[in-house]
Peer 1: 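Questions regarding the structure given below will be posed in turn.
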Amino acid sequence: MAATTSVGQASSAVAFGGVEPDAAWREEVRRLAKQRDAVLLAHNYQLPEIQDIADHTGDSLALSRIAAASDASTIVFCGVHFMAETAKILSPDKTVLIPDARAGCSLADSITAEQLRAWKAEHPGAVVVSYVNTTAEVKAETDICCTSSNAVEVVQSIPADREVLFCPDQFLGAHVRRVTGRDNIHVWAGECHVHAGINGPELAERAAARPDADLFIHPECGCATSALYLAGEGAVPAERVKILSTGGMLDEARATRARSVLVATEVGMLHQLRKAAPEVDFQAVNDRASCRYMKMITPAALLRSLREGVDEVHVDPDTAARARDAVQRMIAIGQPGGGE
Ligand code: 13P
Ligand code: SF4
């Protein structure tokens, strides 16, 4: 299995199973992690038991920064493949493992390096900003990467008269265009199937049923524009609508005075939110919004990874060298938060 496992096969694949996340499992995971000199990183969308066993749980920007700064010789990335690849780009001399390399990402699949090269040829001189949810090959064609927590700041760092090509997420791109007020941003029409499925009518219905709730909306969601429309129409008070990365949601959960919050993102996020603010009632706008790729990282997969040293993530050194500047610019821009 190991490094030859192909990426993004999770739609038909069956996740590794048969292991209960009990005390014996937790002890064994910690023992093996120590033996391997490994740091365990988990994204906010991971299964609760994976989030709880990790050394750090956070959003994609926080985890990239932690991976870059860690002095452990092995990084075990409990997340999806592009996240582990990003860690490898930043730390080429470290061993980077992902517990199941089939954990891909439909958003990262929505643009190829070849498509990006063709798009660049149509806009010579434009600055390319790519979401971190992209392959290493796409990052190698990119000027600056961003995550949802610093996309606005990244675009604001580019001189106002320069054209920007933003890929691959159309909803995050629309959010950045709205906040920066720039009209020289071209946005690729990609999407994450999980977030795109959280739609406006569903949000409007849930918000009407809970008029006192704050709305925490991830900018990848199909409903982000609808949320701002509801605020614009006065259907929901504007100060209750917060467009936030997963890390931003956690910061806001600790600060909010609302007793109830509707959350529009992948459902794994609810675990960290409920831990951060147990007195607040957090409910998903769409409780079917579960990412099957994130959920490939099961207790059995993590154990196998630590026991066997699989699946190791490799990035071609030339590609990594070309992608590194864009990723380093990303981790240098924006405030710490969301797990750091
Ligand atoms: P953030 O953790 O950056 O908000 O990313 C969300 C996401 O979709 C990762 O796949
Ligand atoms: Fe990709 Fe969407 Fe899953 Fe995030 S939630 S890993 S963007 S498919």
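Ligands are counted one by one from 1 in listed order, and the atoms in each one are counted from 1 as well. It should be emphasised that the depicted structure is a prediction, and the values quoted were computed from it without experimental measurement.
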Peer 1: Nearest protein heavy atom to atom 9 (C) of ligand 1, by residue and atom, and its distance?
Peer 2: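 Heavy-atom neighbour on the protein nearest atom 9 (C) of ligand 1: M83 CE, 3.6 Å.
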Peer 1: With only distance considered, is S148 within less than 3.5 Å of ligand 1 through an N or O on each side?
Peer 2: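 So ligand 1 has an N or O lying under 3.5 Å from an N or O of S148.
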Peer 1: So that I can tick it off, tell me whether D311 and R304 are bridged by a salt bridge, with the cut-off set at under 4.0 angstrom between side-chain N and carboxylate O.
Peer 2: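 D311 and R304: salt-bridged.
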Peer 1: Looking only at protein heavy atoms, which one is nearest to atom 1 (P) of ligand 1, and what is the separation?
Peer 2: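 Of every protein heavy atom, S60 OG, 3.2 Å lies nearest to atom 1 (P) of ligand 1.
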Peer 1: Give a yes-or-no answer on whether the side chains of T256 and D214 include a donor-acceptor pair shorter than 3.5 Å.
Peer 2: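 Indeed, the side chains of T256 and D214 share at least one donor-acceptor pair under 3.5 Å.
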Peer 1: Side chains of D281 and Q283: any donor to acceptor distance under 3.5 Å?
Peer 2: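 Yes, side-chain donor-acceptor contact under 3.5 Å.
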Peer 1: Going by chain and residue number, what protein N/O/S atoms come nearer than 2.8 Å to atom 1 (Fe) of ligand 2?
Peer 2: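 Those protein N, O or S atoms (cut-off: under 2.8 Å from atom 1 (Fe) of ligand 2) are C105 SG.
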Peer 1: Considering only NZ, NE, NH1 and NH2 on the basic side and carboxylate oxygens on the acidic side, decide whether D55 and R30 come within less than 4.0 Å.
Peer 2: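 Here D55 pairs with R30 in a salt bridge, since their nearest N and O are under 4.0 Å apart.
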Peer 1: Below 4.0 Å from ligand 1: does a non-hydrogen atom of N133 turn up there or not?
Peer 2: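 Per 4.0 Å heavy-atom rule, N133 contacts ligand 1.
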Peer 1: Taking atom types as modelled and ignoring hydrogens, do the side chains of T265 and Y45 form a donor-acceptor contact shorter than 3.5 angstrom?
Peer 2: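 Yes, a side-chain donor-acceptor pair sits under 3.5 Å.
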Peer 1: Looking at E85 and K139, is any side-chain nitrogen of the basic one under 4.0 Å from a carboxylate oxygen of the acidic one?
Peer 2: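 Not counted as a salt bridge, because no side-chain N and carboxylate O are separated by less than 4.0 Å.
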Peer 1: Polar contacts were defined as any N/O atom of the residue lying under 3.5 Å from an N/O atom of the ligand; does this apply to H218 and ligand 1?
Peer 2: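 There is such a contact, yes.
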Peer 1: Side chain or backbone, does T246 bring an N or O within less than 3.5 Å of an N or O on ligand 1?
Peer 2: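 Among all N and O atoms of T246, at least one is under 3.5 Å from an N or O of ligand 1.
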Peer 1: Can you list the atoms of ligand 1 that are under 4.0 Å from a heavy atom of H43?
Peer 2: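 Answer for ligand 1: 1 (P), 2 (O), 5 (O), 9 (C).
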Peer 1: Could you tell me which atoms of ligand 1, counted from 1 in the order shown, lie closer than 4.0 angstrom to a heavy atom of S245?
Peer 2: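 Going through ligand 1 atom by atom, the ones under 4.0 Å from S245 are 4 (O).
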Peer 1: Search all heavy atoms of H186 against all heavy atoms of W119 and return the closest pair with its distance.
Peer 2: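 Closest heavy-atom pair between H186 and W119: O-CH2, 3.5 Å.
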Peer 1: Please go through V241's hydrophobic cluster and name the other residues, only I, L, V, M, F, W, Y counting, with side-chain heavy atoms under 4.5 Å joining them.
Peer 2: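 Same cluster as V241: I198, L203, L215, I217, L228, L230, V236, I243, L262, V285.
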Peer 1: Provide the number and element of each atom of ligand 2 under 4.0 Å from a heavy atom of E220.
Peer 2: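 Selected atoms, number and element: 7 (S).
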Peer 1: Between T246 and N44, do the side chains contain an N or O donor and an N or O acceptor separated by less than 3.5 Å?
Peer 2: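 Their side chains do contain a donor-acceptor pair, which is all the 3.5 Å distance test asks for.
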Peer 1: Hey, what's the ring geometry for F216 with F282, parallel, tilted or perpendicular (30° and 60° as the breaks)?
Peer 2: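 Tilted.
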Peer 1: Give me the one residue out of Q170, H195, H175 that meets side-chain hydrogen bond (donor to acceptor under 3.5 Å, both in side chains) with E220.
Peer 2: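 Only one option passes, and that is H195.
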Peer 1: Numbering the atoms of ligand 1 from 1, which are under 4.0 Å from a heavy atom of E220?
Peer 2: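 The atoms of ligand 1 under 4.0 Å from a heavy atom of E220 are 6 (C), 7 (C), 8 (O).
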Peer 1: Starting from atom 7 (C) of ligand 1, find the nearest protein heavy-atom neighbour and note its residue, name and distance.
Peer 2: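 Result: Y45 CE1, 3.4 Å.
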Peer 1: Is a side-chain donor-acceptor pair under 3.5 Å present for S148 with S245?
Peer 2: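 There is no such pair between these side chains.
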Peer 1: Below 3.5 Å, N or O to N or O, backbone or side chain included: is there any such pair between H195 and ligand 1?
Peer 2: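 It does not: no N or O of H195 is found under 3.5 Å from an N or O of ligand 1.
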